[in-house]
Amino acid sequence: MEGSADQTTQAMSKLSMDPAPSSTAETGDGARSKNALKKELKMKQREEERKRKEEEKAKQAPKASSQKSVASSADDEDMDPTVYNSIQYYDLMQCSYKCCFCDLWQQYFENRLKYLAAEKAKGENPYPHKFAVSMSIPEYIEKYGGLNNGDHVEDAEVSLAGMIMSKRASSSKLFFYDLHGEDFKVQVMADASKSGLDEAEFSKLHANAKRGDIVGVTGFPGKTKRGELSIFPRSFILLSHCLHMMPRKADSVGAKKPENWVPGEPRNPEAYVLKDQESRYRQRYLDLMLNVEVRQIFKTRANIISYVRRFLDNQRFLEVETPMMNMIAGGAAARPFVTHHNDLDMKLYMRIAPELFLKQLIVGGLERVYEIGKQFRNEGIDLTHNPEFTTCEFYMAFADYNDLMKMTEDMLSGMVKELTGGYKIKYHANGYDKEPIEIDFTPPFRRIEMIGELEKVANLSIPKDLASEEANKYLIDACARFDVKCPPPQTTARLLDKLVGEFLEVTCVNPTFIINHPEIMSPLAKWHRSNDVLTERFELFINKHELCNAYTELNDPVVQRQRFADQLKDRQSGDDEAMALDETFCSALEYGLAPTGGWGLGIDRLAMLFTDSQNIKEVILFPAMRPQDDPASVKVEIKLQSTNKVPKEDESLLAGSEQTRLVLHKCSSESGEPTSTFNCSLCHFGTKSIDQFRKHLSTDEEHANEEMRLPASRKRSIKENRRSRVADFDRKGKRTKYASPGGS
Amino acid sequence: MEALKVWSLTASPLRQLLRLSSSSTAIYGRRSHHSSLMLRCASAASSSSSSNAATAETPKPSGRNRRAASSSNSTSDREAIRSIRLKKVEELRGQGVEPYAYKWEKSHSANQLQEIYKHLANGEELNDESDRVSIAGRVVARRAFGKLAFLTLRDESGTIQLYCEKERLSDDQFEQLKAFIDIGDILGASGSMKRTEKGELSICVSSFSILTKSLLPLPDKYHGLTDIDKRYRQRYVDMIANPEVADVFRKRAKIVSEIRKTVESSGYLEVETPVLQGAAGGAEARPFVTYHNSLGRDLYLRIATELHLKRMLVGGFEKVYEIGRIFRNEGLSTRHNPEFTTIEMYEAFSDYQSMMDMAELIVTGCAMAVNGKLTLDYQGTEICLERPWRRETMHNLVKEATGIDFSELGEDLGKAKDTVLVALQDVLEHKDKSGIGACSSLGHLLNEVFEVVVEPKLVQPTFVLDYPIEISPLAKPHRGNAGLTERFELFICGREMANAFSELTDPVDQRRRLEEQVRQHNAKRAAAAAETPEGKAKKDDDDDDESYEVTLDEDFLTALEYGMPPASGMGLGIDRLVMLLTNSASIRDVIAFPVLKPSPHIYASGSLKLEDTPPPPPPQVSSVVDDGDDDDQYVDAQVEEVVDHVDGLLNEVREEEGKEEDCALEEGQSNGEILKSSLKKETLDSEDGERREKKKKVQWVDLMGKELAEIREFESRLVY
């Protein structure tokens, strides 16, 4: 890699001039060249080629023909595949250093663009409209997998289409490809003698087929002598072109499903071809192309949803759709997204839960309804939180929480059974480097009383009247005693929640119901029939995370109003996650809500369990990511519009702890105000005075809360992203000729 | 029943006013007329029963009088009923009965019982232990005699009568029934089956339990909820009053499930793509903007799922679909709700021809699932969904309708416009003409002519093929005709149902076209910005349309550079399909909770309602109107008083107004109406704003859930 800077400049000049079509055969990539020998060999080859080309260039320089440049430099793909493991793939695309890799990268891209332009100039359409596929690759394997070695079925004609994941040239007349489609692969053995093309055409066609291209192949099936199921093409059509260098995929021999991961089994993302998380999540299509398991993850997710739907449909539930935008965000305690409807000129909130609407439908006489859909919460992003996530909620008239617990057991154990074949799943609860744990879904699940168990485990005796000052004091003391942190406001509900998290949730690895929450924690749940301080509610915890939340719904309108009023008090005391009152909902209750059991399930978290994922981003196709060109909170940026330089006093802020820096990032460039302002990106605090800003960082309570919520991953990424930050800065100076790919 | 007692208890200013005026005019018939004007509630029964204050206030247990009384309504009535029922709740609890039960085990639904026991002869009763049933539902009718009471219970499936005999019930249950059960309560009952002598299948109740005590009276079946606005704002009331409303939602569920079944059996995989996006692409529409606090950035709500689903194809999935919500920041109408549901589906290695087959398959499949036949009636028009559907190019359709052959018009846009204007002189309205003048290319012109002239005529299902390239930035150029794309839209009843293309897979071409789109948009925006200083008043309506930002989705373009297989994709509007198949006139009928304008209570005035009373108009009312000479004058006076009253209310804590709403649903029309109102908009606005601000502080927000229409007891409509 060292000599490559030189090489790059050379390569660039080669581009601008006229690279001759190279006849260097591609090295077979059957063996992944991690060994130094091979590298060395390549270096030598390149060196030789360079010399040769220089000579050629000298000869051909005057007659630069676009025709010829089409056949791009051949060694593009020779780039060492290990490159992708040494640098982040995504960085490669973004890179604006004059690093060797990114230049090669862009060179490749430009060559491909030129090739396309040339095709178009010739009047060819490089992107055909349709290719009639006669069977899918799995079907093909199914049908012809039984052939004997060496057998050919010359009278059959089959059309397959898929992506080239590997290409080997045995000579200019014989090429081998791995054609991938729907997790399966089949070999393509392209022989000039069977193609109906003359040799020059044939080799030109195949010189332009690159890894990552999508091709359609029509030919006859057969097996090679070594037993590889292949298709022998009579025609070979490029359907779409991969303009970028693709990381090389690990080779597995045999026309089988390359990897055999099934839901409930542990995964090993460390072994992926594309490992870098940023690239995987930002460019999910690459992840899907290169890492076979990933496609299975999303199929599993689809299966989970379809199982839930089937389960509920079978019990005569009706699937409904309720609004995602509303004038009030009710039904849960969370900070909503706010948007604005221009035409009506009104503020709308994205829903945080569909609960209140679904209950209105029960009032309206639909006895069993459910909705599977997105919810939105304006919260930080971490391993288990994405701003939009999918839940299933159902409501069932005339049922109570005991019925729902039974249903939950049936649904989840049935699902595990159907998807995995057994009741147990393996899960890397402690990271991929540790042994996976086993989670047992055999019903019935364990049930623990919240308050009773908490008193037992932590040896507490909590005052019976939880609404009292006394109880609040007692819990504050308890938290202090056990060193359980509860940032203000220290309401009794929040304190209890922290203690439960500390003492009970950690014990819930196998599915466990924590039941009978106190009333102050559950404003929408009905008081317990035998103890009116408690409610009839349960939460299902698996692997210490909450998965389900359900209760016998509160249907007494008077009590409901009272509870909302109490929440209002909490809101005024600073808990902005307390619920808002929804008048429509309250008056719906006054028309009479039948006794109803209500239930909610987090689909994403369930999908995480089944796919051995510790990060919610693994199970969301396009998770929310920090914008790349504004690594917002990781960038410490104090910008002055007028002077364009940081005054000394401001610089002193930069010297703060890492956490303090996190939040200090932006001056209002849009407002057009010539003075600098300091904006705290976490709590929207903005001021022109540096002293006030410092005060905000050090003493403001809300800010402290926000900072506490900052996920660990985000803090970590500061270091990781330092490089891209510099790159980002660089890029602003140096604009590439064509728009750089990937930046948004 | 309560309404009777309430009558004498009421003390609201409105009521007093009514009383005063009625005593001064002292004409009985007019009284009922008057209240009908005020409250738009006079039912046939109330006017015909020659009701007046005197009879109504005398609590005689006569059905007629009860009807008369129950037809009255106002906030205070409701408040009184509520407080009476709250008292009942207390009393019940005092007796150790919890009026909000936890659970009820029911053995059958009403419909099941009707089915199982349909052969029961009149007067026959089954006392076998195996014929003991239990059921739960809402009481929708109630008739009590000395030792016998009849209740009608309705659950999701239908209704059944409860036959309650004193001897059969334990202890004091019969007394409890008489004293505490009101219409609207949710009841669980068990007993044996019997058909009454009159032929009504009933449950002979041996025990019952109050499951939920309702506090508010149910709306009158025929008149209570003709108020469109209230129907949408309080869908649950609508559903209680009109059980058939729920059928639309049942059919909707069936349609969605049928679509899923169809596409999944063809091997499509369901995926979920993000709603919140950094750049909203895939369509041309104004997006909603929101802000993510911890990311510290603006996010857009998706306006299409297209670009993310195509990334899935790049990733190697060959058939994917998503049924999901789309958001567009546009005005409301009978065809537009800011959030709506679509299915978008993409299939690799296919083209738009095969998508046409898919569209036929889906729509006919849904029609069969819901209606069991392929012909349907939509708002009086018969539609035949028998395959195959007509497939015709846009050029031919335009030629057919106008005689203009666009393929012969040449390249000169100005000349083409002239040709069009001359040829269509008689057809075009002024608005259309200016639309044609604004067209920036031949493609836009063709589309404009198509939309104005051809679209409304496409009643039977028609695939319109081969749209001009200028208006189809994501479609692949046509393989045969330059300047066109391989795209179709499906029209049924003059409405676009689906939109599909052979997807553009060339990243270079795609980038150019999207950049062109952005450029055009920015030009429009700049033009709009330049105009605003002159016509500031206009700003809110037209120019504002373009004031949002459109950015390139670079990520998507990069994905295309990795190579997307040839593919076709289709988007199909589910709400419109449901409208078609359920014969619903408005999109609000097929969305359970549509977005509505903030309820404009204060705009409502009696006078507006007089001209616009929704059907069915009570015939007696009009006869009453005719008989009095001073009626008109009287009405006017009343209207003014109402206005005063409303203004008075504004100063009070915002209370529920049992008042008729001008729902202001359709922009154009209702705006006009509001402006015609004698109320000054500005003052109201400022008041409103003030109140909103106050509310914000307290966080006691509610703009939506006001009581908007009159509510009456069910009794008046009982038929045994």
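The chains referred to below are lettered A, B, ... by the order of the sequence lines, with proteins before strands, and numbering in each begins at 1.
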Parallel, tilted or perpendicular, judged at 30° and 60°: which one describes the rings of [X] and [Y]?
{"X": "B:Y562", "Y": "A:H244", "value": "tilted"}
{"X": "A:H341", "Y": "B:F288", "value": "tilted"}
{"X": "B:F327", "Y": "A:F376", "value": "perpendicular"}

Under 4.5 Å heavy-atom distance to chain B, tell me which part of [X] shows up: side chain, backbone, both or neither.
{"X": "A:H241", "result": "backbone"}
{"X": "A:M324", "result": "both"}
{"X": "A:D213", "result": "neither"}
{"X": "A:V320", "result": "neither"}
{"X": "A:V558", "result": "side chain"}
{"X": "A:T552", "result": "side chain"}
{"X": "A:L554", "result": "neither"}
{"X": "A:M325", "result": "both"}
{"X": "A:I214", "result": "side chain"}
{"X": "A:P323", "result": "both"}
{"X": "A:L589", "result": "neither"}
{"X": "A:N125", "result": "neither"}

State whether [X] and [Y] are salt-bridged, where the test is any N-O pair (Lys NZ or Arg NE/NH1/NH2 against Asp/Glu carboxylate O) under 4.0 Å.
{"X": "A:K526", "Y": "B:E98", "result": "no"}
{"X": "B:E270", "Y": "A:R309", "result": "yes"}
{"X": "A:E321", "Y": "B:R325", "result": "yes"}
{"X": "B:R260", "Y": "A:E319", "result": "yes"}

What part of [X] gets closer than 4.5 Å to chain A, counting heavy atoms only: side chain, backbone, both or neither?
{"X": "B:L269", "answer": "side chain"}
{"X": "B:D155", "answer": "both"}
{"X": "B:V275", "answer": "both"}
{"X": "B:Q277", "answer": "neither"}
{"X": "B:A279", "answer": "neither"}
{"X": "B:R252", "answer": "side chain"}
{"X": "B:L187", "answer": "neither"}
{"X": "B:L504", "answer": "neither"}
{"X": "B:E264", "answer": "neither"}
{"X": "B:K106", "answer": "side chain"}
{"X": "B:R138", "answer": "side chain"}
{"X": "B:V314", "answer": "both"}
{"X": "B:P477", "answer": "backbone"}

Which pair of non-hydrogen atoms, one from A:P557 and one from B:L215, has the smallest distance, and what is that distance? CG-CD1, 3.4 Å
Where B:M564 and A:S240 come nearest, the two heavy atoms and their spacing: O-OG, 2.7 Å
Given the options B:Y236, B:F593, B:F249, A:L361 meets side chain to side chain contact (heavy atoms under 4.5 Å, CB included) only with B:F593
Counting heavy-atom pairs under 4.5 angstrom with chain B, the leader among A:A161, A:G212, A:A302, A:A399 is A:A161
Heavy-atom pairs under 4.5 Å with chain B are the metric here; pick the option from A:Y127, A:Y401, A:F131 that has the most. A:Y127
B:N329 side-chain N/O to A:N342 backbone N/O, donor-acceptor pair under 3.5 Å: yes
